[in-house]
Amino acid sequence: MLKIDENILILSKEVKYKSIKSSGPGGQNINKKSTAISLYFDISNSSFLSEDIKVKLLNKPNKYLNKSGKIIIKVNTYKSQNKNKSEAILRLITYFKSAV
């Protein structure tokens, strides 16, 4: 479970992660190792979110929200895959808190 706040929980299996190769400068391994993370969350198909919260999220314009109602967060800030994953989760939580 991913706890957004006291009232909002998301099943961990509803949040998908994909490792991708980082781009840009940063050393000899930056473009060889898949350290960047893409986080995917489908608002409409979430079984734990109430309809009220879904409507609020879908009506809150954000760079992470695409036209099909999915949140896509790409992070390549760090050279560590775990740190990038943690950052993606923090961005998801921040998005939820700003919309609800």
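Values in this document were obtained by computation on a predicted structure and should not be read as measured data. For reference, positions follow the sequence shown, starting with 1.
Legend: ring-ring contact (aromatic ring centres under 6.0 Å, His included) pairs involving residues 54-75, not counting sequence neighbours: none detected. Within the structure, salt bridge (charged side-chain N to carboxylate O under 4.0 Å, His left out) pairs that include any residue of residues 90-100 comprise E87-R91 (at least two apart or interchain). For residues 39-49, no residue pair satisfies the salt bridge (charged side-chain N to carboxylate O under 4.0 Å, His left out) rule, not counting sequence neighbours.
With sequence neighbours left out, the ring-ring contact (aromatic ring centres under 6.0 Å, His included) criterion links Y95 to no other residue. Remark: S12 engages no residue in a side-chain hydrogen bond (donor to acceptor under 3.5 Å, both in side chains) (not counting sequence neighbours).
Pairing each heavy atom of E14 with each of F41, the nearest pair is O-CD1, 3.6 Å. Taking both residues in full, the closest heavy atoms of T35 and N84 are given as O-ND2, 2.8 Å, listed atom of the first, atom of the second, then distance.
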Under 3.5 Å, which donor-acceptor pairs link side chains of residues 51-58 to any protein atom two or more places apart or in another chain?
residue, atom, partner, partner atom, Å
K54, NZ, S44, O, 3.2
K54, NZ, S46, O, 2.9

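Annotation: side chain of S19 is not in contact with side chain of Y17 (no heavy-atom distance under 4.5 Å). Between L2 and L92 the shortest side-chain heavy-atom distance falls below 4.5 Å.
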Q) Between I4 and F96, is a side chain to side chain contact (heavy atoms under 4.5 Å, CB included) present by the stated rule, with each step listed? A) CA-CA 7 Å; I4 304 297; F96 266 81; 3.5 Å; yes
Q.
Could you go through S47 and L11, starting from their C-alpha distance and side-chain angles, then the distance that decides it, and tell me whether this counts as side chain to side chain contact (heavy atoms under 4.5 Å, CB included)?
A. CA-CA 8 Å; S47 59; L11 279 177; 3.9 Å; yes
Q: Go through N82 and S80 one step at a time and tell me if the side chain to side chain donor-acceptor pair (under 3.5 Å) criterion holds.
A: CA-CA 5 Å; N82 287 334; S80 163; 5.0 Å; no
Q: Would you check, one step at a time, whether the test side chain to side chain contact (heavy atoms under 4.5 Å, CB included) holds for K70 with Y40?
A: CA-CA 7 Å; K70 293 182 180 149; Y40 301 91; over 6 Å; no
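Between M1 atom CE and L9 atom CG the span is 5.0 Å, to the nearest 0.5 Å. Note: K16 NZ to L39 CG = 11.0 Å, rounded to the nearest 0.5 Å. A distance of 13.5 Å separates CD1 in I72 from NZ in K63, rounded to the nearest 0.5 Å.
Listed for the N76 side chain is no donor-acceptor partner under 3.5 Å among the backbone atoms of I37. Using modelled atom types, no side-chain atom of N62 and backbone atom of L65 make a donor-acceptor pair closer than 3.5 Å.
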